[in-house]
Amino acid sequence: MLRDVLCGALRLWDVAGTVEADEDGLIVTVGRRALRVVSIPGSGLELRHADASIQDLTPLGVHAGVAGLLRHLRDELAPHAKRGRLIIGAQ
Amino acid sequence: MTPLPVSVITGFLGSGKTTLLSRLLRDPSFERTAVIINEFGAVGLDHLLVESSDETILTLEGGCVCCTVRGDLVRTAGDLLARRAAGTVTPFERIVIETSGLADPAPIVHALMTDRDIAEALRLESVITTVDAAAGAATLDAHPQSVKQAALADCIVVTKSDLCDPAEIAQRLQTLNPGAPKLTAVHGAVDATRLFSQPTHRVLPHGQVHGHDGIDSFCLRRETPLHAVTLGLFLQVVAEHCGARLLRLKGLVDVVESPGRPAVIHGVQHVFHPPAWLDAWPDDDRSTRIVVISQGLDAHWMQALLEVLEEEVKACSIS
């Protein structure tokens, strides 16, 4: 289900990419960039580099849920995508 | 202070907005109505065509209310409210805004819902869109703005039914905006009580996806209740990522924390009303139903998003 959400998000951001599952989680690839999403029980969703040529294993970020993960992925993979903001009217 | 109801009458050029408004103002129940008319042409005429003699008809000229004169709209509405409070104008009980035929209703609705000078004094009652039975189909084909006007409507009035059978255009409008009632006006005459009393919880019970005029409508359903936090997160993600592709979202939501009292959610693009809570379900169907009208959003994605968010909220609640 999370994979479906991430695939749909790539389409929303108008970027061509893939979301593949492996034993550690999901790998989101757009062009030459590949990021791994790992579910850490009790912590949330961790975002890491998935490119083997990048030795830095420091997580890019840990998110409590999908909302933060999507925002981070968009910033990393689709910085051109429009950013909206929820506004609740006074009524 | 009880917020005054404000309705927006929109519709493409020549679709019968002024005729409809003129007829409405002749209805005794609309005696106490202030009217703001926006005209795009260099010389405004519409306000002369609306038969009324008092000072509560104001015009906004020199631009379109959704863009260049949006600030004027807010100032005009604010000024009307101030004059009403001061007793220097006939006390009105409702405001109707007639947009120019080229207006995008979304920014107008946003201004009415969020502008700090007026949003707390006004309550957006409905967006009413006129569509011409004779020329409406050609207009929808040629002018994307007219499609958006129809897609955003709470209620659609098919006009000029004396010139052309309204059934064909009504069918197309049903595909475009299945949740909005379609009323037929003859020479501008329409049942005003039906026009202004559309329940905000009127949503569709089906889950089909339609594609027409570049606009899709679909209904997300869920048989088990959602946590309130899920609902907030869902709206947040949708607003952040869907942008202008989300035209309208309306829903009845079964909320875990409010058994038997569903939440009504209602938004135009990224701007939402605070959820309203019904005292009871309006029908026998107790499932969550969220109707989305969009330009190219994926129903499967939105449904998956809702489920993923609920799963993570549930996991947090349990732990």
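Chain identifiers are assigned alphabetically (A, B, ...) following the order of the sequence lines, protein sequences preceding nucleic acid strands; residue numbering begins at 1 within each chain. Since this is a predicted model, take the numbers as computed values, not measurements.
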**Q** At what distance, to the nearest 0.5 angstrom, does CG of B/Leu306 lie from OG1 of B/Thr288?
**A**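 Rounded to the nearest 0.5 Å, the CG-OG1 separation comes to 7.5 Å.
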
**Q** Name the option with the most non-hydrogen atom pairs under 4.5 Å to chain B; the candidates are A/Gly84, A/Gly42, A/Ala81.
**A**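 Winner by heavy-atom pair count: A/Gly84.
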
**Q** Count the heavy-atom pairs under 4.5 Å between each of A/Leu70, A/Leu45, A/Leu12, A/Val66 and chain B, then report the option with the highest count.
**A** A/Leu12

**Q** Just verifying a value: how many Å separate B/Leu112 CG and B/Thr114 OG1, rounded to the nearest 0.5 Å?
**A** 8.5 Å

**Q** So do the side chains of B/Ile215 and B/Ile293 get within less than 4.5 Å of each other, counting heavy atoms only?
**A** yes

**Q** Checking heavy atoms, do the side chain of B/Leu305, its backbone, both or neither come under 4.5 Å from chain A?
**A** both

**Q** State, yes or no, whether a side-chain contact exists between B/Val255 and B/Pro225 at a heavy-atom distance under 4.5 Å.
**A**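 No - every pair of side-chain heavy atoms lies 4.5 Å or more apart.
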
**Q** Side chain, backbone, both or neither: which part of A/Arg74 has a non-hydrogen atom closer than 4.5 Å to chain B?
**A**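 Contact with chain B involves the side chain of A/Arg74 alone.
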
**Q** Under 4.5 Å from any heavy atom of chain A, what part of B/Glu312 do you find: side chain, backbone, both or neither?
**A** side chain

**Q** With only heavy atoms counted, which part of B/Val237 is less than 4.5 Å from chain A, the side chain, the backbone, both or neither?
**A** side chain

**Q** Which atoms of B/Arg116 are under 4.5 Å from chain A, going by heavy atoms: the side chain, the backbone, both sets, or neither?
**A**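 Neither part; nothing is under 4.5 Å.
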
**Q** Using a 4.5 angstrom heavy-atom cutoff, name the option from B/Asp298, B/Val308, B/Leu235 with the most pairs to chain A.
**A** B/Val308

**Q** Any carboxylate oxygen within less than 4.0 angstrom of a Lys/Arg side-chain nitrogen, looking at B/Glu240 and A/Arg83?
**A**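 The answer is no: the pair does not qualify as a salt bridge.
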
**Q** Minimum heavy-atom separation for B/Val268 and B/Ala106, please, with both atom names.
**A**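 What the structure gives for the nearest pair is CG1-CB, 3.9 Å.
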
**Q** Would you mind checking which part of A/Ala67 comes under 4.5 Å of any heavy atom in chain B, side chain (CB onward), backbone (N, CA, C, O), both or neither?
**A** both

**Q** To the nearest 0.5 Å, how far apart are CG in B/Asp216 and CD in B/Gln295?
**A** 9.0 Å

